[in-house]
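When reading the values below, keep in mind they use all heavy atoms of this one structure, side chains included, and skip hydrogens, waters and symmetry mates.
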Amino acid sequence: MLVADILVYVYWMEEACEFRSWAELIPDALGVIFTNLSLQDRVTVIPRVCKSWANAVTGPYCWQEIDIKDWSSRCQPDQLDRLLEMLIRRSCGSLRKLSVSGLQTESIFTIIAENACSLQTLRLPRSSMSDSIVEQIAGRLSMISFLDVSYCIKIGPYALEMIGKNCKLLEGLCRNMHPLDTAGKPYQDDEAYAISSTMPKLKHLEMAYHLISTSGVLQILANCPKLEFLDQRGCWGVTLDNMFLKQKFPKLKVLGPFVLDTYESDGWDDFSDVSDGSEYLAWDFVAGGMGEYYVDDSDSYDGMWDDEGRLDELQFGFYEGIEDAGMYWPPSP
């Protein structure tokens with residue numbers, strides 16, 4: 001039995017006895033409890049139980065952390081934008097962590113920035129943001145301490161410089177690249193210099209399969225004294241002496257440049273059997289009003305999603321795996 005099913009069962013059992021009902025809990029407490037459920041349960045099961053649960057699940061305490069990375073790469077861009085905008089606006093400025101893959105439109109980056117006053121962790125791998133977009137939104141990301149812009153091929157050293165100058169609290173950066181995007185291209189250290197000159201508080205840095213040389217890495221090490229972890233797997237232009245690292249940077253852990261059992265395996269074995277165990281869960285939603293979440297007729301789904309009347313006929317899928325993913329993206333190093 002799913003966790004959500006158990007909660008529904010407990011609710012109805014308590015309604016039939018003298019014990020205090022969960023529905024009487026304050027919305028904030030219910031919201032914290034509901035964060036332990038999956039996104040699917042929070043948006044399809046909980047709102048149908050009762051009005052108080054529906055109100056709680058649309059409140060900010062359920063949406064301080066939003067992680068939709070696992071399925072967003074297969075979602076249509078317009079559907080993804082509408083869903084993400086709805087969830088972000090539900091957070092009411094309390095969003096702390098956001099993880100989503102493959103964002104395409106400029107407007108959705110603006111919406112993220114407008115609601116980033118409490119945002120600390122931001123993961124946007126494989127997104128189509130550009131240098132100009134980063135320039136526009138970087139000033140609103142001042143609270144970011146961990147940023148993932150891996151596989152974002154439209155940004156470069158200028159965007160990283162803007163991030164570093166505006167995100168003064170940044171301690172973690174993921175800037176991994178796809179090996180097919182960098183294979184055969186000349187080494188260049190522009191991004192390394194942007195990182196070293198603007199991100200002195202970095203403790204964690206990932207630059208797998210990046211076009212970086214030994215000079216670029218040394219520049220980072222010299223200007224980021226707090227660095228504790230450096231992932232340079234697949235950075236074939238980097239040669240560092242282990243004895244030198246142990247003497248000069250005893251607290252630093254370095255991975256690479258050699259890659260073991262990751263990108264070098266045939267067809268990226270981590271993904272070879274994904275399609276066999278994957279499940280596709282499709283949901284259809286019909287637009288409705290905010291006050292129509294709870295309905296006495298359990299067969300009715302009207303009005304379950306659309307906070308602002310814009311998510312009419314939204315359909316999206318959740319995936320436990322991505323079929324043939326190895327053909328497109330290797331696993332994160």
Side-chain angles (χ1 to χ4, degrees), residues 66 68-69 72-73 75-89 91 93 95 97-178 180-182 185-202 205-212 216 219-220 223 310 329:
I66 300 174
I68 52 177
K69 178 171 59 66
S72 55
S73 59
C75 187
Q76 293 297 318
D78 61 330
Q79 296 174 339
L80 176 58
D81 285 359
R82 287 183 290 166
L83 171 64
L84 184 56
E85 179 180 357
M86 184 192 73
L87 298 182
I88 289 175
R89 295 201 185 284
S91 71
L95 182 63
K97 296 182 180 180
L98 174 62
S99 180
V100 57
S101 174
L103 294 180
Q104 302 293 320
T105 61
E106 181 176 349
S107 60
I108 194 63
F109 295 113
T110 302
I111 291 172
I112 292 173
E114 289 174 346
N115 293 270
C117 59
S118 300
L119 193 59
Q120 300 171 9
T121 298
L122 179 60
R123 293 182 177 271
L124 301 173
R126 306 183 182 98
S127 295
S128 295
M129 71 175 72
S130 63
D131 285 354
S132 61
I133 291 176
V134 173
E135 182 179 25
Q136 294 173 28
I137 69 174
R140 299 187 178 186
L141 304 178
S142 60
M143 298 302 294
I144 296 291
S145 61
F146 189 94
L147 177 66
D148 185 352
V149 287
S150 297
Y151 318 116
C152 297
I153 62 175
K154 293 185 178 181
I155 64 173
Y158 180 72
L160 294 180
E161 183 179 355
M162 289 296 99
I163 291 169
K165 288 181 177 180
N166 288 278
C167 304
K168 299 296 186 180
L169 303 178
L170 195 65
E171 295 183 346
L173 176 68
C174 295
R175 183 65 179 133
N176 302 309
M177 300 299 289
H178 192 290
L180 297 181
D181 288 329
T182 58
K185 295 182 180 180
Y187 299 126
Q188 51 189 9
D189 292 316
D190 291 351
E191 291 197 11
Y193 295 148
I195 291 172
S196 65
S197 62
T198 63
M199 305 179 187
K201 294 183 179 181
L202 278 185
L205 176 61
E206 298 181 19
M207 300 188 72
Y209 281 94
H210 211 280
L211 296 170
I212 188 174
Q219 190 75 14
I220 291 173
N223 291 279
R310 295 196 302 266
W329 297 105

For [X] and [Y], which heavy atoms make the closest approach, and how far apart are they?
X	Y	answer
Lys97	Leu119	N-CD1, 3.8 Å
Ser127	Gly102	OG-N, 3.8 Å
Ile133	Phe109	CG2-CB, 3.9 Å
Ser128	Gln104	OG-OE1, 2.9 Å
Leu170	Phe146	CD1-N, 4.0 Å
Ile88	Ile66	N-CD1, 4.0 Å

Please answer whether the main-chain N or O of [Y] pairs with a side-chain N or O of [X] as donor and acceptor at a distance below 3.5 Å.
X	Y	answer
Asn115	Arg89	no
Ser72	Ser101	yes
Arg175	Cys152	yes
Ser150	Asn176	yes

Donor-acceptor side-chain pairing of Ser145 and Glu171 below 3.5 angstrom: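 Glu171 and Ser145 do not have a side-chain donor-acceptor pair below 3.5 Å.
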
I want to check something: taking the side chain as every heavy atom from C-beta on, are [X] and [Y] in contact at a cut-off of under 4.5 Å?
X	Y	value
Met199	Leu205	no
Leu141	Ile163	no
Leu124	Val100	yes

Qualifying salt bridge (charged side-chain N to carboxylate O under 4.0 Å, His left out) pairs, either residue in residues 102-113, two or more places apart: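 For residues 102-113: none.
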
Among Met177, Glu191, Gln188, the one residue meeting side-chain contact (heavy atoms from CB on, under 4.5 Å) with Leu211: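 The residue from Met177, Glu191, Gln188 that satisfies side-chain contact (heavy atoms from CB on, under 4.5 Å) with Leu211 turns out to be Gln188.
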
To the nearest 0.5 Å, how far apart are [atom1] in [X] and [atom2] in [Y]?
X	Y	atom1	atom2	answer
Leu169	Ser142	CG	OG	7.0 Å
Asn223	Gln219	CG	CD	5.0 Å
Ser107	Ile112	OG	CD1	10.0 Å
Lys168	Met143	NZ	CE	14.5 Å
Ile111	Ile137	CD1	CD1	11.5 Å
Leu202	Ile220	CG	CD1	8.0 Å

Residues Tyr193, Glu161; criterion side-chain contact (heavy atoms from CB on, under 4.5 Å); working and verdict: CA-CA 9 Å; Tyr193 295 148; Glu161 183 179 355; over 6 Å; no

side-chain contact (heavy atoms from CB on, under 4.5 Å) between Met129 and Leu103, worked out: CA-CA 8 Å; Met129 71 175 72; Leu103 294 180; over 6 Å; no

side-chain contact (heavy atoms from CB on, under 4.5 Å) between Leu173 and Val149, intermediate numbers included: CA-CA 8 Å; Leu173 176 68; Val149 287; 4.2 Å; yes

Working for side-chain contact (heavy atoms from CB on, under 4.5 Å), residues Leu80 and Ile108: CA-CA 9 Å; Leu80 176 58; Ile108 194 63; over 6 Å; no

